[in-house]
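Each chain gets a letter, A, B and so on, in the order the sequences are listed, and its residues count up from 1. None of the values given here were measured: they were computed from a predicted structure.
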Amino acid sequence: MIDIRLLRNDLDLVKKCISRRGENTEVLDLVIELDLKQRQSAEKRDELRNEIKEVSRQVGELHKSGKTDEATPLQESSRNMRVEEEKLSEECDRISDEIRELLLRVPNIPAEDCPEGVGVEDNVVLRVEGGDTLWEEHQRIPHWEIGEALKILDVERATKLSGAMFAMYTGLGATLCRALIQYGLDRNADEYREIRPPTLVLTETMISTGHLPKFIDDAYHLERDDLWAIPTAEVPLTSYARDEILDESDLPIKLMSHTSCFRREAGSAGRDTRGLLRVHEFDKVELLAYATPEQAQEVHDDILSRAESAIADLGLTYRILDLCTGDLGNSSARTFDIEVYAPGADQWLEVSSVSWFSDYQARRANVRYRAQGEKGTSVVHTLNGSGLAVPRVWAALVETYRQEDGSISIPEPLLPYMQGVKTIN
RNA sequence: GGAGAGGUGGCUGAGUCAGGUCGAAAGCGCUCCCCUGCUAAGGGAGUAAGGGCUUAAAAGCUCUUCGUGGGUUCAAAUCCCACCCUCUCCGCCA
């Protein structure tokens, strides 16, 4: 959520920032209008409350000194004031709710240095790294074919169990999946504390990251218990410190989680449906940090370099994109995407979005910090990115490491996790 | 799922079953000052968050918050109702 005081102080500036995303800014005018109304009636309401309190005090004293008859008219007038107070109070609450509803749907302000653009085509490719572009014929087999041939991926049975766009890893395919997770966690354990959070969360938890209310169609909801299946560990980790006041000396706080992630993919029906390109449920290692505004840049770099090296060390080809204002996620101020190249599917696959959310999520989640020796609190910044997203890395890896004889050789960093298996055949 | 106990500030914990300067005793912690060769001990002062108004600022005024939401009342941490959560016991269970 953006700071409403920023809106009051400089509406035009906020409008200019939001419209860089190509978003309509009319709501902001409405918010300002409602905000003014709300403050006016709140002021009247508070005055009335003050009077009621004062009268009550007098009534109390009169009763104590036995002058009950003198108290009666005061009680009468207080009753009348209460009727008026309730009216104002109701109006205030109604307007406040309305403002909140609107504000929850306003996206974050992009970082100043975020590249300008209207859509994916305007994202800036910062660099392309890794393997050569001369791919051998035996690497040009898509992973769904490899998976079937080696019996390490069973999409057909997964569909039987759960419907379209679910996957099932089998045998060494499942082992490889587990190896990637462990690899993703272990290499970041030096600084990031491992958390295994719940994967079903309350509505409030989904609101904090920005996944609700705007993107309700993308989330799985368990109606009976009013719980949501998390689309990423970003969701529970962002609420880890919800409503807490952190010590500045404890920041940055770095956390990581391996969880299942659930996505309805409502807007992408029929797109990327083959194999592991886009699935409703997948495993992912997520890195997340709470930081001061001053620390944010450094932490952003840290998460990006960790996400990048995880892919680089596996010997995969990848590129890094600086997302433009038009493609930036709703809650993000700046995002770098890492895309891995899958030679068999012949596609760049997004495997990590490393984002700086400024105070947008933290304001929703009410995560603050107290600076040493200063009074008052400030809103923290949140940052996160995938340390390792299993299906797409699995796919690119299987395709990249397919040998002429159809087997898959396991890259060296994963060997410690493969129980002695060096080749899948 | 059943029975009982309980949810108060950064923490511990009074206040609730006589409703009225109680946003809240006391202790711990923390900050500053004094004392001290250093440390410890000791003495003193301060110390919740959030909103609004006023102000150049310092500061001041005011409202909200004692698990959440309703109700009673001139007045609610305190009385009533519902719900949530925690703990103990029983049941069930990976």
Side-chain angles (χ1 to χ4, degrees), chain A residues 1-9 31-104 196-208 222-228 236 239-251 253 260 290 359 362-380:
Chain A
M1 202 151 55
I2 59 170
D3 189 352
I4 191 155
R5 269 166 297 198
L6 195 62
L7 267 189
R8 282 179 205 150
N9 294 340
V31 168
I32 282 293
E33 196 183 306
L34 289 170
D35 178 54
L36 196 67
K37 256 205 264 181
Q38 196 278 137
R39 274 147 65 209
Q40 281 167 351
S41 44
E43 211 178 327
K44 278 189 248 167
R45 178 201 60 191
D46 288 354
E47 276 168 24
L48 265 174
R49 283 179 177 173
N50 183 233
E51 273 185 70
I52 292 169
K53 273 184 164 182
E54 187 49 50
V55 169
S56 297
R57 244 190 302 268
Q58 289 168 15
V59 170
E61 273 163 36
L62 288 172
H63 274 296
K64 224 180 267 177
S65 53
K67 299 171 185 164
T68 319
D69 48 327
E70 284 179 43
T72 311
L74 287 179
Q75 288 175 227
E76 174 66 25
S77 81
S78 183
R79 245 195 305 271
N80 292 335
M81 282 192 280
R82 179 60 80 190
V83 173
E84 183 64 18
E85 188 272 341
E86 271 169 8
K87 247 198 288 180
L88 280 167
S89 199
E90 208 174 301
E91 180 179 300
C92 264
D93 292 349
R94 205 195 64 238
I95 301 174
S96 295
D97 288 350
E98 210 175 325
I99 291 171
R100 185 176 160 77
E101 284 303 309
L102 293 171
L103 230 38
L104 279 177
R196 176 51 245 212
T199 36
L200 297 179
V201 298
L202 301 171
T203 301
E204 190 54 38
T205 308
M206 288 284 278
I207 288 176
S208 292
L222 284 80
E223 207 148 328
R224 188 173 161 135
D225 299 289
D226 196 17
L227 289 168
W228 302 82
S239 283
Y240 178 85
R242 193 165 74 220
D243 295 322
E244 290 183 28
I245 299 172
L246 308 169
D247 263 339
E248 186 181 26
S249 57
D250 292 330
L251 295 170
I253 294 173
S260 294
Y290 298 101
D359 58 6
R363 181 167 293 108
R364 286 166 167 250
N366 191 27
V367 183
R368 293 163 293 168
Y369 72 97
R370 206 189 308 272
Q372 209 82 58
E374 280 177 43
K375 57 178 181 178
T377 59
S378 317
V379 180
V380 304

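Base pairing analysis places G69(B) opposite C81(B); the two distances defining the Watson-Crick or G-U wobble pair are each below 3.5 Å. As the counterpart of A94(B), no nucleotide is assigned, since no Watson-Crick or G-U wobble pattern has both distances under 3.5 Å. U21(B): no Watson-Crick or G-U partner with both key distances under 3.5 Å is found in any strand. Nucleotide U36(B) is matched to nothing when pairs are restricted to Watson-Crick or G-U wobble geometry with both distances under 3.5 angstrom. Here U55(B) sits opposite no nucleotide as a Watson-Crick or G-U wobble pair (both hydrogen-bonding atom distances under 3.5 Å). Across all strands shown, U12(B) forms a Watson-Crick or G-U wobble pair, both distances under 3.5 Å, with A26(B). Pairing of U31(B), defined by two Watson-Crick or G-U wobble distances under 3.5 Å, is identified with A45(B). If you check U86(B) for Watson-Crick or wobble pairing at under 3.5 angstrom, you find it paired to A5(B).
Base orientation for A25(B): anti, the chi torsion being more than 90° from 0.
For the pair Ser78(A) and Ile52(A), the tightest heavy-atom approach, listed with the atom from each and the gap, is OG-CG2, 3.7 Å. Across all non-hydrogen atoms, the minimal contact from Leu88(A) to Ser41(A) is CD2-CB, 3.9 Å. The heavy-atom pair separating Arg364(A) from Ile207(A) by the smallest distance is NH1-O, 2.6 Å.
Within the model, atoms OH of Tyr369(A) and OH of Tyr290(A) stand 15.0 Å from one another, a figure rounded to the nearest 0.5 Å. In this structure, CD1 on Ile95(A) lies 9.0 Å from CD on Gln40(A), to the nearest 0.5 angstrom. The CG atom of Asp93(A) sits 8.5 Å away from the CD atom of Gln38(A) when rounded to the nearest 0.5 Å.
The separation between Leu36(A) atom CG and G52(B) atom P is 12 Å, rounded to whole Å. Straight-line distance from the CD atom of Glu244(A) to the P atom of A49(B): 16 Å, rounded to whole Å. Atom C1' of nucleotide G51(B) and atom CG of Leu7(A) are separated by 17 Å, given to the nearest angstrom. A straight line from CZ of Arg45(A) to C1' of G52(B) spans 9 Å, rounded to a whole angstrom. The interatomic distance linking Arg49(A) (CZ) with C74(B) (P) rounds to 18 Å, in whole Å. Atom CD1 of Ile245(A) is separated from atom C1' of G9(B) by 11 Å (rounded to the nearest Å). Rounded to an integer number of Å, the gap from NZ of Lys44(A) to C1' of G51(B) is 18 Å. Whole-Å rounding puts the Gln38(A) CD to G52(B) P distance at 9 Å.
Distance noted for atom C1' between G27(B) and C83(B): 34 Å (whole Å). Comparing U86(B) with C80(B), their P atoms are spaced 24 Å from each other, to the whole Å. To the nearest whole angstrom, the two P atoms, one in A40(B) and one in U21(B), are 42 Å apart. Across the C1' atoms, A77(B) and A94(B) are found 42 Å apart, a figure rounded to whole Å. Taking atom P on both G2(B) and A18(B), the two are 32 Å apart, rounded to the nearest angstrom. Across the C1' atoms, A76(B) and C66(B) are found 11 Å apart, a figure rounded to whole Å. Nucleotides C38(B) and C34(B) are separated by 12 Å at their P atoms, to the nearest Å. With both ends at atom P, the span from A25(B) to U16(B) equals 15 Å, rounded to whole Å.
Listed by residue number, the members of residues 79-100 of chain A with any heavy atom below 4.0 angstrom from RNA chain B are Arg79(A), Arg82(A).
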Taking N or O atoms only and anything under 3.5 Å, show me the protein contacts with nucleotides 78-87 of chain B, one pair per line.
none

Give every pair of a protein N or O atom and an N or O atom of nucleotides 54-62 of chain B that lie under 3.5 Å apart, one pair per line with the distance.
unit_1 : atom_1 : unit_2   : atom_2 : d
U62(B) : O3'    : Asn50(A) : ND2    : 3.0

Could you pull out the protein-nucleic contacts involving nucleotides 20-23 of chain B (nitrogen or oxygen on both sides, under 3.5 Å)?
unit_1 : atom_1 : unit_2   : atom_2 : d
G20(B) : N2     : Ser56(A) : O      : 2.7

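Contacts of Arg363(A) classified as salt bridge (charged side-chain N to carboxylate O under 4.0 Å, His left out), with partners at least two apart in sequence or in another chain: Asp3(A), Asp359(A). For Glu91(A), the salt bridge (charged side-chain N to carboxylate O under 4.0 Å, His left out) criterion is met by no residue, not counting sequence neighbours. For the side chain to side chain contact (heavy atoms under 4.5 Å, CB included) test, no residue two or more places apart in sequence or in another chain qualifies with Glu33(A). Qualifying side chain to side chain contact (heavy atoms under 4.5 Å, CB included) partners for Gln75(A), counting only residues two or more places apart in sequence or in other chains: Val59(A), His63(A), Ala71(A). Every residue meeting the salt bridge (charged side-chain N to carboxylate O under 4.0 Å, His left out) condition with Arg8(A), not counting sequence neighbours, appears here in chain and number order: Asp35(A). Evaluation of the side chain to side chain contact (heavy atoms under 4.5 Å, CB included) rule for Ser208(A) yields Glu204(A), Ser239(A), Arg242(A), Ala365(A) as partners, not counting sequence neighbours. Under the side chain to side chain contact (heavy atoms under 4.5 Å, CB included) criterion, Asn80(A) pairs with Glu76(A), not counting sequence neighbours.
Positionally, the nearest nucleotide of RNA chain B for Arg368(A) lies more toward the 5' end than for the other of Ile52(A) and Arg368(A).
For the side-chain contact (heavy atoms from CB on, under 4.5 Å) with Ile99(A), the lone residue among Leu104(A), Ile4(A), Ile32(A) that qualifies is Ile4(A).
In terms of phosphate contacts, Arg370(A) brings no side-chain nitrogen or oxygen within less than 4.0 Å of OP1 or OP2 of U31(B). Side-chain nitrogen and oxygen atoms of Thr377(A) include at least one within less than 4.0 Å of the OP1 or OP2 phosphate oxygen of G50(B).
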Only distances under 3.5 Å count here; give the side-chain donor-acceptor pairs of residues 243-251 of chain A to other protein atoms, sequence neighbours excluded, each with its distance to 0.1 Å.
unit_1    : atom_1 : unit_2    : atom_2 : d
Asp243(A) : OD1    : Asn366(A) : ND2    : 3.0
Glu248(A) : OE1    : Gln372(A) : N      : 3.2

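Counting heavy atoms from C-beta outward, Leu7(A) and Leu103(A) have side chains that approach closer than 4.5 Å.
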